[in-house]
2 protein chains.
Amino acid sequence: MSTLKPEATPPVNGTLPRQRRTYAIGELARMFEVTPRTIRFYEQEGLLAPERRGQTRIYHEKDRVRLKLTLRGKRLGFSLAEIREVIEMYDAMPDGNARQLKRLLEILADKRHNMERQLEDIRLMQRELDDVEARARDVLGRLDQDPPSH
Amino acid sequence: MSTLKPEATPPVNGTLPRQRRTYAIGELARMFEVTPRTIRFYEQEGLLAPERRGQTRIYHEKDRVRLKLTLRGKRLGFSLAEIREVIEMYDAMPDGNARQLKRLLEILADKRHNMERQLEDIRLMQRELDDVEARARDVLGRLDQDPPSH
DNA sequence: GACGACGTTGACGTTAACGTAAAGTGCTTG
DNA sequence: CAAGCACTTTACGTTAACGTCAACGTCGTC
């Protein structure tokens, strides 16, 4: 990111520039501002399945994306178990039976509903914040022009 | 909500219709679909401070609003400690000093920033869901017209 | 070849947010 | 007045999501 290697001319082919295909656990951890412990824990919970080179874990683009999605899900209040459920069903999709797929659609509809409510919550909360901020500024202004006798 | 009491003519005065000013803990719990234990816990954590009639707690409109805001905050991923901090500062606002008020504004800005990110997260997540759903429907359709030999 | 940075596997600790169970109080209703 | 129901406090239990620590292996490099 801050290393100034000229990198020659960037490959202008149609596919993604596969310049840096793998990551070590520490790299990934710094990228997303989590600890390696967290990443290992997510693997233990079935959210990641990195390659192994001997003992050490090797993360590819796919794993990085999964981690990103996982963390986004977490910020939205989903539990790791919920996230795993979706990920597992997504992976099993191609040869999943109809029942499983319909179950997946149900789950997705549920998440969607959840996020609709969150959107509404955010709008309401933003109004509250606006309100509180206005009052605070009001009081502050009054303090400025009429400082407390104390 | 579904009780069909005629209620006489609703009071058409300017202020709020003060028909039902207080609530018992169980009532409030049912209203918000939480347990009484949760409500007591929130009190213990300094989020509520209901009146007492002898031993038992009496909740007023103000308490109900606080509980509503608290639960909304929780759905947005705020911790009870964070919520309490804002509530406390809000209560102490009228006679808060400038430093406290500025601190409050900082906190509010922070929450706001948080929610901007959440909005973005939700938009991204909704796209993911759209994508996953489309794939699922695709596979499902294929299953319908060409059932698996199994 | 010692050192430091990074990686690994257990295993136990910690925190938030309640759940649950015990034991008692107070009203009102048959 | 006994039963039942809602409320109370106290206290210990539980779960999720990691943190922390020990003990060890593996590089690169000075």
Side-chain angles (χ1 to χ4, degrees), chain A residues 3 20-60 63-64 66-88 111 114 118 121, chain B residues 20-60 63-64 66-88 111 114 121:
Chain A
T3 63
R20 267 293 274 354
R21 307 241 343 294
T22 75
Y23 310 86
I25 194 170
E27 273 178 295
L28 222 53
R30 274 189 302 278
M31 289 179 60
F32 291 102
E33 301 190 296
V34 299
T35 68
R37 170 69 175 117
T38 297
I39 296 181
R40 291 196 197 97
F41 181 71
Y42 289 174
E43 176 178 350
Q44 175 183 326
E45 294 298 299
L47 293 164
L48 297 171
E51 190 197 334
R52 290 285 185 140
R53 186 108 57 207
Q55 280 268 80
T56 82
R57 296 163 169 85
I58 312 266
Y59 297 88
H60 296 256
D63 302 306
R64 196 185 59 84
R66 271 205 189 176
L67 179 54
K68 188 178 63 178
L69 293 179
T70 297
L71 293 174
R72 183 181 298 152
K74 270 209 53 190
R75 286 198 299 272
L76 294 178
F78 297 119
S79 73
L80 296 184
E82 289 176 301
I83 298 171
R84 179 187 52 204
E85 190 174 18
V86 173
I87 286 185
E88 277 178 357
K111 306 281 180 215
N114 199 314
Q118 280 207 39
D121 279 341
Chain B
R20 265 295 269 0
R21 305 241 345 295
T22 75
Y23 309 86
I25 194 170
E27 273 178 296
L28 223 53
R30 274 188 302 278
M31 289 180 60
F32 291 101
E33 300 189 296
V34 299
T35 68
R37 170 69 174 116
T38 298
I39 297 180
R40 291 196 198 97
F41 181 72
Y42 289 173
E43 175 177 351
Q44 175 183 327
E45 294 298 300
L47 293 164
L48 297 171
E51 189 197 337
R52 291 284 185 142
R53 186 108 57 208
Q55 280 266 80
T56 82
R57 297 163 169 86
I58 312 267
Y59 297 89
H60 296 255
D63 302 306
R64 197 184 58 84
R66 273 206 186 176
L67 179 54
K68 188 179 62 178
L69 293 180
T70 297
L71 294 174
R72 183 181 299 153
K74 269 210 54 190
R75 286 198 300 270
L76 294 178
F78 297 120
S79 73
L80 296 184
E82 289 176 300
I83 297 172
R84 180 187 51 202
E85 191 174 16
V86 173
I87 286 185
E88 277 177 357
K111 306 282 180 214
N114 199 314
D121 279 341

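Just the heavy atoms: all of them, side chains too, but no hydrogens, waters or symmetry mates, feed the values below. In what follows, every chain begins at residue 1, and chains take the letters A, B, ... in the order their sequences are listed.
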Mapping B:Glu45 and A:Thr56 to their closest nucleotides on DNA chain C, which lands nearer the 5' end?
-> A:Thr56

Looking only at heavy atoms, which two atoms of A:Tyr59 and A:Ala24 are closest? And how far apart?
-> CD1-C, 4.2 Å

Looking only at side-chain atoms of [X], point me to the closest of [options].
X: A:Thr35; options: C:dG19, D:dG19, C:dA17; answer: D:dG19
X: A:Arg37; options: C:dT8, C:dC18, D:dG19; answer: D:dG19
X: A:Ala24; options: C:dT9, C:dC18, C:dG7; answer: C:dG7
X: A:Arg52; options: C:dT8, D:dT8, C:dG19; answer: C:dT8
X: A:Phe41; options: C:dC18, D:dG19, D:dC18; answer: D:dC18

Between [X] ([atom1]) and [N] ([atom2]), how many Å, whole number?
X: A:Glu82; N: D:dA17; atom1: CD; atom2: P; value: 9 Å
X: A:Leu28; N: C:dG7; atom1: CG; atom2: C1'; value: 14 Å
X: B:Gln44; N: C:dT15; atom1: CD; atom2: P; value: 16 Å
X: A:Ile25; N: D:dC18; atom1: CD1; atom2: P; value: 13 Å
X: A:Tyr42; N: D:dA16; atom1: OH; atom2: C1'; value: 11 Å
X: B:Gln55; N: C:dG24; atom1: CD; atom2: C1'; value: 10 Å
X: B:Arg30; N: D:dC7; atom1: CZ; atom2: C1'; value: 12 Å
X: B:Glu51; N: D:dC7; atom1: CD; atom2: P; value: 16 Å

Could you check whether A:Arg40 gets within reach of a base, just the sugar-phosphate, or nothing at all, counting any heavy atom under 4.0 Å?
->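 If one applies the 4.0 Å heavy-atom cut-off, A:Arg40 turns out to touch a base.
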
For the residue pair [X] and [Y], establish whether any side-chain heavy-atom pair is separated by less than 4.5 Å.
X: A:Phe32; Y: A:Thr38; answer: no
X: B:Lys111; Y: B:Leu76; answer: no
X: B:Asn114; Y: B:Phe78; answer: yes

Are A:Arg57 and C:dT8 close enough that a side-chain N or O sits under 4.0 Å from OP1 or OP2?
->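 Yes, because at least one side-chain N or O of A:Arg57 sits under 4.0 Å from OP1 or OP2 of C:dT8.
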
Check the pair B:Glu43, B:Arg52 against salt bridge (charged side-chain N to carboxylate O under 4.0 Å, His left out), reporting the backbone distance first and the verdict last.
-> CA-CA 12 Å; B:Glu43 175 177 351; B:Arg52 291 284 185 142; 3.5 Å; yes

So which one's nearest nucleotide on DNA chain D is more toward 5', A:Lys74 or B:Tyr59?
-> B:Tyr59

